[in-house]
Visitor: 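Below: one structure in structure tokens.
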Protein chains: 2
Amino acid sequence: MEHLSSVKNSCRLLKFFLQSPSKELGVSDLSRKLSLSKGAVHKMLATLESEGFIRQNPATKQYCLGYTLLELGNQVLKDHNLAEFVKPYLQNLAAMSNELITLCVKDDRDAIYVEKIDSQYPIRFNVDMYRRFPLYATSAARVIFAHCDSALIDELLSEEIRTFTPYSFKEPEAIKMRLQEIKLQGYEMSSNMRNVGVTGVAAPLFDANGEVTASISIIGPTDRMLPLKEKLIEQIVGVTQEISSKLGYHA
Amino acid sequence: MEHLSSVKNSCRLLKFFLQSPSKELGVSDLSRKLSLSKGAVHKMLATLESEGFIRQNPATKQYCLGYTLLELGNQVLKDHNLAEFVKPYLQNLAAMSNELITLCVKDDRDAIYVEKIDSQYPIRFNVDMYRRFPLYATSAARVIFAHCDSALIDELLSEEIRTFTPYSFKEPEAIKMRLQEIKLQGYEMSSNMRNVGVTGVAAPLFDANGEVTASISIIGPTDRMLPLKEKLIEQIVGVTQEISSKLGYHA
DNA sequence: AACGATGTTCTCTATATGAGAACGTTTACA
DNA sequence: TGTAAACGTTCTCATATAGAGAACATCGTT
């Protein structure tokens with residue numbers, strides 16, 4: 001199956017802005033990074049600009065992402081029924097623990113936080129919303145990863161493992177073992193995996209088909225989380241089971 | 001200057017989801033609406049899906065917007081320095097009036113709210129964030145529109161005028177007169193133009209080049225706004241002048 | 001003043017594009 | 001339950017077009 005090359009290249013061009021340190025990029029720069037001719041890149045930019053996906057700064061002649069992407073991104077959130085459905089439960093969890101509560105989903109080979117409720121503590125942990133990260137990186141992601149096809153698990157673990165702290169998993173085998181534990185006990189609590197001093201408890205959401213595509217987690221400073229360990233686990237497991245059954249899941 | 005047709009069509013396809021009542025769309029439906037062959041639409045969708053811009057629901061075989069658009073939309077917000085810069089001033093206004101405060105920008109032929117601070121009143125007005133609307137529709141937009149090239153003004157007013165309430169401007173001439181008033185007095189206060197019972201006060205932000213590309217407004221129920229008319233005008237004019245001068249604007 | 005970088009425009013051929021028909025499935029209805 | 005219409009998907013093919021590369025215009029620097 002062949003793909004539309006110019007469309008594919010345009011998508012890559014847009015995504016390149018996600019990993020670029022500066023918000024404005026020039027034609028030459030992009031053409032080098034994307035291995036395309038300047039003429040081709042220029043034509044792509046002109047087309048994308050005419051549709052509002054790209055904006056040109058008249059002063060610098062450089063390009064940046066356009067507001068139409070803001071519209072589309074917001075539409076994704078609006079269309080995301082699960083987040084809407086789950087929100088009251090998150091608020092409930094937030095009221096009980098006063099820690100950061102998140103809703104995490106799987107998309108393709110990545111995990112993304114799509115909803116959160118912030119802690120009200122003066123010292124609180126914050127997550128990067130709407131940004132992809134590896135399925136093995138955090139508790140919220142791993143409880144989803146644990147229920148994925150073993151083919152996907154093997155594939156992702158055969159690639160380079162990204163670590164975030166000195167305590168992050170480095171070995172594929174260690175991660176696999178952890179995933180099995182997660183499947184057995186139905187939740188995970190872990191510390192220092194993505195950020196040092198931070199602990200998360202997460203449990204998966206099952207839909208009507210018994211598939212896991214999302215998870216809920218409670219995240220906070222380890223010294224506030226650990227003393228409440230049993231209570232937090234009970235809360236996260238209770239809520240996710242309740243939501244799963246509301247979604248039509250029968251254990 | 002020619003554009004890349006497949007890229008243009010893909011952009012149109014994505015934007016079609018913004019005006020569609022259902023979040024999922026099928027190949028046949030899209031091919032009819034976009035006047036393209038089913039085969040072509042299918043190939044576009046497959047390409048966009050491979051890049052995360054589109055997702056297919058395995059159950060219904062239909063397509064919806066993908067999470068990569070969420071990432072990109074969020075990046076637009078992060079890149080938007082003005083919003084970051086202006087935020088403290090908005091919070092200041094919010095503390096003074098306790099009404100909805102907005103930051104509105106011009107993009108191409110439209111206006112978009114890109115930042116807001118909600119009122120804390122139990123009865124409060126809310127705006128649709130990140131969605132395009134006509135430059136003549138609200139006070140926040142009109143104070144920008146008033147400073148646009150007269151060519152753009154004439155062009156947009158020569159097209160069909162969209163009205164939102166029975167009180168909205170219908171006649172191009174009426175709008176033009178109002179735009180002149182706005183330019184003279186430096187702000188606008190209006191009621192019932194976009195939503196009945198709602199009143200807004202807005203004033204433009206000038207950048208270092210003397211260009212107007214954004215505005216700030218206070219919006220709330222008319223019965224709370226009108227009694228404070230003088231005070232609100234003073235506040236909005238004061239804040240926008242202060243920000244403009246910080247942006248390097250010299251009157 | 002000359003250079004190097006940029007963004008832009010141009011030409012041209014190989015190629016990828018999009019129409020349309022045909023395929024296999026699912027859905028709707030009689 | 002059977003038939004037809006709708007769907008998503010695949011295929012082929014003539015043609016439009018995409019992308020390389022060179023040339024141009026503009027800028028800032030040396």
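Each chain gets a letter, A, B and so on, in the order its sequence line appears, and its residues count up from 1.
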Visitor: Side chain of B:L36 only, heavy atoms from C-beta on: which candidate in C:dT8, C:dA19, D:dA20 is closest?
Guide: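 The nucleotide sitting nearest to the side chain is C:dA19.
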Visitor: One character per nucleotide, please: for nucleotides 22-30 of chain D, 5' to 3', B when the base has a protein heavy atom closer than 4.0 Å, S when only the sugar-phosphate does, - otherwise.
Guide: ---------
Visitor: Taking CD in B:E181 as the centre, count heavy atoms belonging to other residues, nucleotides or ligands within less than 6.0 Å. Is the count above 12?
Guide: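 For B:E181, atom CD is crowded (more than 12 foreign heavy atoms under 6.0 Å).
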Visitor: Could you tell me how far apart B:I54 (CD1) and D:dG8 (P) are, to the nearest whole angstrom?
Guide: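 Taking atom P of D:dG8 as the reference, CD1 of B:I54 is at 13 Å.
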Visitor: Taking OP1 and OP2 of D:dA18, is either one under 4.0 Å from a side-chain nitrogen or oxygen of A:S5?
Guide: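 For A:S5, the contact criterion (side-chain N or O under 4.0 Å from OP1 or OP2 of D:dA18) is not met.
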Visitor: Need to verify one output field. Residue with the more 5' nearest nucleotide on DNA chain C, A:L25 or A:V7?
Guide: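 The 5'-side residue here is A:L25.
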Visitor: Verify whether one side chain among A:S50 and B:K8 offers a donor that lies under 3.5 Å from an acceptor in the other.
Guide: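 Yes.
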Visitor: Is there a side-chain contact between B:H42 and the phosphate of D:dG8, meaning an N or O under 4.0 Å from OP1 or OP2?
Guide: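 Result: no.
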Visitor: Is there a side-chain contact between B:N9 and B:L34 (heavy atoms, below 4.5 Å)?
Guide: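 No, their side chains stay 4.5 Å or more apart.
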Visitor: Drop me the distance from A:R132's CZ to A:K106's NZ, to the nearest 0.5 angstrom.
Guide: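 Those atoms lie 10.5 Å apart.
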Visitor: Determine whether A:I144 and A:C104 make a side-chain contact, defined as any pair of heavy atoms from C-beta on separated by less than 4.5 Å.
Guide: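 A:I144 reaches A:C104 side chain to side chain.
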Visitor: B:L34 has an atom CG; how far is it from atom P of C:dG18, in whole Å?
Guide: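 In whole Å, C:dG18 P and B:L34 CG are 12 Å from each other.
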Visitor: Compare all side-chain heavy atoms of A:K78 with those of B:Y130 and state whether any distance is below 4.5 angstrom.
Guide: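 Side chain of A:K78 against side chain of B:Y130, heavy atoms only: no contact under 4.5 Å found.
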Visitor: Can you check whether B:Q62 has a side-chain N or O nearer than 4.0 Å to OP1 or OP2 of C:dT27?
Guide: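 The answer is no; no side-chain N or O of B:Q62 sits under 4.0 Å from OP1 or OP2.
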Visitor: Any non-hydrogen side-chain atom of B:F53 less than 4.5 Å from a side-chain atom of B:L69?
Guide: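 Yes, close enough: below the 4.5 Å cut-off.
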Visitor: Please give, in whole Å, the distance from C:dA5 C1' to A:K61 NZ?
Guide: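 About 15 Å, once rounded to whole Å.
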Visitor: Can you tell me the distance, in whole Å, between the CG atom of A:L4 and the P atom of C:dA19?
Guide: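 So the two atoms are 12 Å apart, to the nearest Å.
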Visitor: Heavy-atom nearest nucleotide on DNA chain C for A:S6 versus A:T60: which residue maps closer to 5'?
Guide: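 The residue whose closest nucleotide sits nearer the 5' end is A:T60.
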Visitor: Send over the distance from B:N57 CG to D:dT9 P, rounded to a whole Å.
Guide: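 For the pair B:N57 CG and D:dT9 P, the rounded distance is 12 Å.
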Visitor: Counting only side-chain nitrogens and oxygens, does B:S37 get under 4.0 Å of the OP1 or OP2 atom of C:dG18?
Guide: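 No, B:S37 has no side-chain N/O under 4.0 Å of OP1/OP2 on C:dG18.
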Visitor: Taking five pairs at each end of the helix from C:dG4-D:dC27 to C:dA30-D:dT1, what angle separates the two helix axes (nearest 10°)?
Guide: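 Inter-axis angle at the ends, rounded: 50°.
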Visitor: What is the distance from CG of A:L30 to P of C:dT6, rounded to the nearest Å?
Guide: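 In whole Å, C:dT6 P lies 11 Å from A:L30 CG.
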Visitor: Does a side-chain N or O from B:R32 land closer than 4.0 Å to OP1 or OP2 of D:dC7, or not?
Guide: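 Result: yes.
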Visitor: Could you state the atom-to-atom distance from CD of A:E24 to P of C:dG7 in whole Å?
Guide: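 That distance rounds to 11 Å.
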Visitor: Is the shortest side-chain heavy-atom distance between A:R162 and A:F133 below 4.5 Å?
Guide: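 A side-chain contact under 4.5 Å is absent here.
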Visitor: Rounded to whole Å, please give me the gap between NZ in A:K43 and C1' in D:dG21.
Guide: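 Taking NZ of A:K43 and C1' of D:dG21, I get 12 Å after rounding.
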Visitor: For the residue pair B:K176 and B:Y136, establish whether any side-chain heavy-atom pair is separated by less than 4.5 Å.
Guide: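 B:K176 does not reach B:Y136 side chain to side chain.
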Visitor: For C:dT6, take OP1 and OP2 only and decide whether either is under 4.0 Å from a side-chain N or O of A:Y63.
Guide: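 A:Y63 to C:dT6 OP1/OP2: no side-chain N or O under 4.0 Å.
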Visitor: According to side-chain hydrogen bond (donor to acceptor under 3.5 Å, both in side chains), who are the partners of A:N57, at least two apart in sequence or on a separate chain?
Guide: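 With neighbours one apart ignored, the set is A:E24.
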